[in-house]
Amino acid sequence: MTLATIRDRIAAACTRAGRPPESVTLIAVSKEQPHDRVAAVLDTGHRIFGENRVQEAQGKWPDWKARYPGVQLHLLGPLQTNKARAAFGLFDAIHSVDRPKLVTTLARLADEAGRCPALFVQVNTGAEPQKAGIMPDDAEALVAAVRSAGLPLAGLMCIPPFDEDPAPHFRLLAELAARNGLSGLSMGMSDDFETAIACGATHVRVGSAIFGARGG
Ligand SMILES: *Cc1c(COP(=O)(O)O)cnc(C)c1O
């Protein structure tokens, strides 16, 4: 599939949901993709990309950022505290804020830098033990912690359990966001971004449907 096809599908999903197409930001997830595929998407003019790992992103994006002005980079994967400084320097948004200690570290870095990437609190909507994200019951407290630290909170993010209908998870995230006065909803991937848009997604994270299977 191509980026244009995904854009068309996003626009159609928006129309069905009675939403303007500009209400959804498409994050092209370039993790583990061969460089020529990413360069091809950059050449079409797309500038919003997502990566899972700080180290992998550090290896390729400084160069691309220099060559393609206006790149906006989103960190989607778990962030270790000791990588927070590096993430701060490279990313425009962090979708994986999931614990108080990370908020404390980000607040200190924001203080030093005088700026901070846009933050999303990641919620483990399926309460899966092995998965990143704050448990739904603890999400409001973490949202409050981000706010009281004075950090820019854009919204909430989730990755539904692999083997379940994602819609109830998307709806849970949307409810949590509404209850907390948050407008940003980072949800929906290659297999379910249209469902996510129907549930209110503002940021969809699409990788393989744009670039093809990873590592190819
Ligand atoms: C890899 C990844 C994506 C993209 O997944 P696809 O199924 O390839 O679209 C989206 N979000 C996160 C958090 C990811 O790790």
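As the structure lists them, so they are numbered: ligands from 1, and atoms in each ligand from 1.
Residue contact check: Val206 has heavy atoms under 4.0 Å from atoms 9 (O) of ligand 1. Every atom of ligand 1 is numbered from 1 in the order shown, and the set under 4.0 Å from a heavy atom of Ser208 is 6 (P), 7 (O), 8 (O), 9 (O). Close approach to Asn52 involves these atoms of ligand 1, each under 4.0 Å from a residue heavy atom: 14 (C), 15 (O). When each atom of ligand 1 is checked for a heavy atom of Leu76 under 4.0 Å away, the hits are 13 (C). Less than 4.0 angstrom separates some heavy atom of Gly207 from each of these atoms of ligand 1: 4 (C), 6 (P), 8 (O), 9 (O).
At under 3.5 Å, not a single nitrogen or oxygen of Ile159, backbone or side chain, sits near a nitrogen or oxygen of ligand 1.
For the residue pair Ser208 / Arg214, no side-chain donor-acceptor distance below 3.5 Å is found, with atom types taken as modelled. A donor-acceptor contact under 3.5 angstrom links the side chains of Arg99 and Thr81, judged on distance only.
Atom 5 (O) of ligand 1 has Met189 CE, 3.6 Å as its closest protein atom, hydrogens excluded (heavy atom only). Considering only non-hydrogen protein atoms, atom 15 (O) of ligand 1 sits nearest to Lys31 NZ, 2.7 Å. Closest to atom 9 (O) of ligand 1, if we only count protein heavy atoms, is Ser190 OG, 2.5 Å. Distance from atom 11 (N) of ligand 1 to its nearest protein heavy atom, with residue and atom name: Arg205 NE, 2.9 Å.
At least one side-chain heavy atom of Ile210 sits less than 4.5 Å from a side-chain heavy atom of Leu26.
Using the six-membered ring where Trp is involved, His95 and His203 have ring planes that are perpendicular, over 60° apart on the 30 and 60° scheme.
In this structure, Lys65 and Asp92 approach most closely via the heavy-atom pair NZ-OD2, 4.3 Å.
Shown here are the side chain to side chain donor-acceptor pair (under 3.5 Å) partners of Thr125, two or more places apart in sequence or in another chain: His169. Under the salt bridge (Lys or Arg N to Asp or Glu O under 4.0 Å) criterion, Lys60 pairs with Glu51, Glu56, not counting sequence neighbours.
Listed for the Gln33 side chain is a donor-acceptor partner under 3.5 Å among the backbone atoms of Gly212.
Using a 4.0 Å cutoff on heavy atoms, His95 does not count as a contact of ligand 1.
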